[in-house]
Amino acid sequence: MSRTPNIVSRYAKRTVFANKGRSILTLIGIIIATMMFCIVASAHQCAVDVLQSFADDDYGKWHVQAYSMTSMDYQRILKDDRISSPAYIQEVGYNPGFNSRNGAGSVTIPYYSSSYKYMYFVGAMSPNFAELCDLPVVLGRLPENSSEAIISLEMYSDGREQFTLGSTIRLDMYARYSEGKKTMNLQGLSRDKDGTINEELFAIGSKEYTIVGYFAVPEYAKWKEFATNTVLTTSDDLMGGAAVNAFFQLSDPADYIEFTKDHFEHEDDCLYNKDYIRMENSADDSRVHLIIGIVSGATISMIALLAIMLIYNSFSSSSAERLRAIGLLKSVGATRRQVRELMFTEAFLYSIIGIPIGILLGQGSSYLLLHALSDLGSDAGNYFIVKSIDLTFRVGYQNTIGTALMSLLTIFVAIFLPVLQVSRVLPIEAVRVKDNYGRGRERKRTHAITARLLGFTGALSLKNYQRYRKRYLATVISIMASCFMILFANMLVTSVTRNFQAEEEGSDNVISYMNYTGDKGLTNEDEAIFYELQGVDTVTSGRLEYEIFEQWVEIPKGYASSETDRALLQPKSDGTNDFLEVNMVFIDDASWRDICNRNGIDPDPSLSYGSQVCLINGSYLYYDEEGTNLGEKNAFSSLPESMVLHIRYGELDSLSVPLVPIQDIDLSKETLIRDSVPVIYVPLSRLDYYRLKDTPGLEVFQYMAEKPVSAIGTMKEILQNNLYLTDHLVDMGINSRAARAVNSLVRIIMYGYVAMLSFMCFLNVVMTVISNIVFRRKEYILLTAVGMSRKTLFRMVIFESIIYFFESIATLLLILYASLGIIAVSTGRNLTGYINLPYFAIVILVHLLVVTSTTAIGLSTTMTDDVVEGIRKEYY
Amino acid sequence: MEILRAEHLTKTYGKDENVVAALDDVSLSIEKGEFVAIIGASGSGKSTLLHMLGGVDRPTSGTVLVDGKDIFKQNDEQLSIFRRREIGLVYQFFNLIPVLTVVENITMPVLLDHRKVNQERLDELLGLLGLSEKRDVFPNQLSGGQQQRVAIGRALINAPTILLADEPTGNLDSKNSQEVVELLRYSNQKYNQTTVLITHDENVALQAKRIITIRDGRIEHDEVIRK
Ligand SMILES: Nc1ncnc2c1ncn2[C@@H]1O[C@H](COP(=O)(O)OP(=O)(O)O)[C@@H](O)[C@H]1O
Ligand SMILES: [Mg+2]
């Protein structure tokens, strides 16, 4: 043996193993704390990841964007070495979309509406554009050369033009000029001050593209960057002359303002990707991270606080018990440093066992939790945003190291005071006859009345309690803290979960499919798809609706009585009747019959000319002059006996059909698709009769399914050969299910957190209670030696525990209500309502139970030895 | 040769009217190799004196010189090192660390000093103490006499300048007491070990070479009874 054995660390090790009860409690505390640190760290990591992925997905990875710049300017700016990655879309030309429904077949450039620009923009992407700007390719792929193009998903269903995958489109291209200058105003058409359009188009030839894919218009591009009707091709080189829409990623995002100032005259010329910059945590506004940080910090602090209490109690009671031993150690020549080393070694032992186990458990449970989370939902993700959260578990080394450091810090903060106390122990302590604690300075006399009231044991307990008051302080504080923490955590949970209760109701089982048909209208093929999807497993019912917009109903003159009613009507030119704009909704025959039967209407199976159809009141949201919402009301309080329907679309210019209104039924309850325009419901078999089959419209399939998720999966498989349609398939229950998923998740997590905290609180209580017993073991042994029966001893000790228990509760109540009182006086807010009294009572009772039973169990395990053996052991 | 010298040692406890002088202006000198017994009534200040001599507690006033060096001029760290190298202490009660074995308890001062244990000396000591068979036994498995012998072993392992024993036999029966005293005498003779022993027991005291009697914190008698 060449090295001298380290006697200090050996002593430390033996102490840890000798005091199994306390060591295990301490270790469990450290393990749980570490585990929870780890879970919180993982959750934090996950939250940040999710945020980051939102940022990436929705906003791309660029920082500054400049539009309508010349290619020369662009090349000049590229020389700036602050740019880490540039990308651009260069204008190729515009196509007015003559065939587009949005363009309404007009040859002149149509008006600019709030939702669409009725013009195709053709742009050439730089090769890295899709990556830098995170262009979401929904179907197909990116173009590989300048004869291929990817188009926005919206372009498929714009009503007239059909751009199918693999088809070739030929676009007549134009350049836009305004006041003799070329323009690339993607937001709209150039106008004069008075609003008149001053743009002109110049033909620049035509181009042919093969459609290779569809992209969803990215969040950041909805308005400014490019129009929804966008055709993107690719080019390797910048073309001279054509305008450029540039995107810059900077090496240091904090430079974004400087960068802009250096290159552009007006800040307006540029657009910042603020959300992304914020997510990168480099902009000033990093509130989201701050909030996440605060939540994680608060969670961690509570755990750390409890862990510190637990470890502190463990170490301080262990050093109090070893006061003599440490005195002896010092009198045989241990230095302060060596005594400190003793404590540090013990802490190190706990750390080296507890922290790795804690981290393993923590990462295991984080994994399981996240797994459960992502199982419960991609659904749960939908609660917060429209898309699912991709929760990934990462065993990051930062996370692991961070957790370990946090635990170490907790442990070392906790042992700081005990170490200080121990290192100050004088060698003379080894021979002090009396204990350090409970050196009763003033003799308390027990009143005769108390003595009679409590009996001999009771009086003795009271005396003991008074004598060891200082010693019991740790226990009293532990019980108080425990009750308080559990109460507080419960309050937190109640307030958090309350917010997640709202959205539980909903159309859980509804799947809907919506699609604008093109020129072909509602085809037999579409109908066939409807019935095919209805046959999917667990689908219980389905309804097909085909909605054709902007039809007119002729209403007898003077019908509308109220001002609002009248405002909806259009006078007929000859002054005889009024017109009302309505949408026609054709419903598949089975559903039609169903609705009629339910409302006691003759479904009129013959459906011949002149038979009944329903005119349904459209409902409107009414507002008063101040803008307060007065709620939903039917547009008409009554309807005329008969009306004439004018068919606007289709082969017939105008077909007059007499209508019989049915006022009493409220079909709005029958359907989820509502519109603010009054709706006429018609059986689907009439579509042909009205010759509306080829009229473009909105086809809606709506299904009820027992298992919507698997049903929608099957449906998507069925629609595989019609892939872009799958994008229109919507799980309507996703929100309510997500809300429930989130709700239960929040509960699981919050209650799990409370349970863990409570567990640590109880550990603490148990630890201090047991320490008290161990500390006074010698005294108890002596008491039995001089003839006190075990029963009396037990009664005495338990009585003591009840006394200090009530002291803690009384103090807690005092502090609690005093602080509530202070809050009430100073802020005028009464918070007493937040205290759930029955729960409070239960918490207190459980604590009482824990304290007394721990006392009893602790006492019976320490008092098993016979008296002689006990005394013997006490000395060594 | 003078090895230990105490000058005007005073130790008081308490404050104001409650002041107790446990030690009142005590001066003494001890030669190397002396075997001194300190006797006196309970509460007379024997233990207090011993603690001062061993650097375990600091006096209210006065000095203690060991090998001519004022021990209380040292800081806490130096005093600790002084104690483990120069002083061997034996108390009446609670002398051993319960979770350490006999050998570990004995070698503690050496190990605290980060030095290697002289195995020969250890084996010799264990033989002398009659503990060769009990090397790896824990204190609670030993009899009171054996425990006290372990404490003596620990006090002797470093061949300290002075061995101080505070009523080491107070807790033992006469047979065990005699064994312990024999041991102290033997080490005094064999290693020329300076030894100061506090005792109640006249018979024990009479085996020393010099007896100092303390009363009310003062030296009442100081006589050499044998050379
Ligand atoms: N820590 C202390 N605090 C107060 N008084 C003490 C303390 N230690 C000793 N004394 C008092 O000092 C006097 C001497 O004690 P001590 O040296 O232990 O006597 P001895 O060892 O001779 O029995 C006694 O009166 C005792 O009460
Ligand atoms: Mg004494």
Side-chain angles (χ1 to χ4, degrees), chain A residues 1-20 23 318 321-342 346 423-435 441 778 865 868-876, chain B residues 47-48 50-52 54-58 75-101 103-105 107-117 119 138-144 147 151 154-155 157-158 160 164 166-167 171:
Chain A
M1 215 169 67
S2 57
R3 279 191 66 235
T4 58
N6 186 336
I7 195 74
V8 170
S9 65
R10 198 179 285 178
Y11 179 26
K13 256 180 255 170
R14 299 260 174 85
T15 312
V16 169
F17 285 109
N19 267 306
K20 282 198 192 69
S23 301
S318 130
E321 279 162 33
R322 281 185 298 159
L323 207 59
R324 275 163 162 270
I326 288 159
L328 181 72
L329 214 58
K330 286 209 85 172
S331 69
V332 301
T335 57
R336 276 188 186 196
R337 230 183 70 214
Q338 282 170 322
V339 174
R340 282 201 293 265
E341 202 186 311
L342 176 72
E346 281 172 36
S423 72
R424 289 200 183 136
V425 166
L426 297 172
I428 195 80
E429 295 291 353
V431 282
R432 277 231 167 112
V433 193
K434 283 171 185 164
D435 297 323
R441 240 172 281 136
K778 183 171 159 189
D865 325 299
V868 178
E869 187 62 16
I871 293 172
R872 222 179 125 77
K873 268 198 170 168
E874 190 46 46
Y875 284 106
Y876 291 108
Chain B
S47 297
T48 310
L50 197 81
H51 294 148
M52 303 296 131
V56 171
D57 206 1
R58 287 179 188 263
N75 64 23
D76 196 77
E77 166 100 14
Q78 291 164 329
L79 199 58
S80 290
I81 293 167
F82 160 78
R83 275 197 302 270
R84 73 188 175 214
R85 291 193 184 155
E86 316 286 346
I87 302 292
L89 267 172
V90 182
Y91 295 127
Q92 180 181 1
F93 291 115
F94 202 84
N95 256 320
L96 307 175
I97 303 277
V99 292
L100 297 180
T101 63
V103 166
E104 285 163 346
N105 264 294
T107 55
M108 194 152 61
V110 185
L111 298 175
L112 283 174
D113 221 13
H114 305 292
R115 279 184 292 127
K116 258 183 89 172
V117 175
Q119 289 298 329
F138 288 97
N140 64 359
Q141 289 161 284
L142 298 176
S143 74
Q147 284 170 9
R154 183 191 62 213
I157 186 80
N158 258 342
L164 302 171
D166 191 346
E167 298 188 40
N171 201 24

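Lettering follows sequence order; numbering is per chain, from 1. Atom set for the values below is all heavy atoms of this structure, side chains included, hydrogens, waters and symmetry mates excluded.
Among all heavy-atom pairs drawn from B:Arg83 and A:Gly333, the shortest one is CB-CA, 4.1 Å. Between A:Ala334 and B:Ser80, the shortest heavy-atom distance links the atoms O-OG, 3.2 Å. Between A:Gln338 and B:His114 the shortest heavy-atom distance is NE2-NE2, 3.5 Å.
Proximity of A:Arg322 to B:Val99: side-chain heavy atoms (C-beta onward) are nowhere separated by under 4.5 Å. Between A:Leu329 and B:Met108, the closest side-chain pair of non-hydrogen atoms falls below 4.5 Å. Put simply, the side chain of A:Thr335 reaches to within 4.5 Å of the side chain of B:Arg84, judged on heavy atoms.
The salt bridge (charged side-chain N to carboxylate O under 4.0 Å, His left out) test applied to B:Asp57 returns B:Lys11, not counting sequence neighbours. Residues that satisfy the side chain to side chain donor-acceptor pair (under 3.5 Å) test with A:Tyr11, not counting sequence neighbours, are absent from this structure.
With a 4.5 angstrom heavy-atom cutoff, A:Ala18 touches chain B only via side-chain atoms. Residue B:Ile87: no heavy atom, backbone or side chain, is found under 4.5 Å from chain A. Interface residue B:Phe138: only side-chain heavy atoms are found under 4.5 Å from chain A. Contact annotation for B:Arg85: neither backbone nor side-chain heavy atoms come within less than 4.5 Å of a heavy atom of chain A.
With respect to A:Val332, the side chain to side chain contact (heavy atoms under 4.5 Å, CB included) criterion is satisfied by exactly one of B:Val56, B:Leu112, B:Ile97: B:Leu112.
A donor-acceptor pair is defined here as one N or O able to donate and one able to accept, closer than 3.5 Å; no such pair exists between the side chain of A:Arg336 and the backbone of B:Glu77.
In this structure, CZ in A:Arg337 is found 13.0 Å from CG in B:Asp76, a value given to the nearest 0.5 Å.
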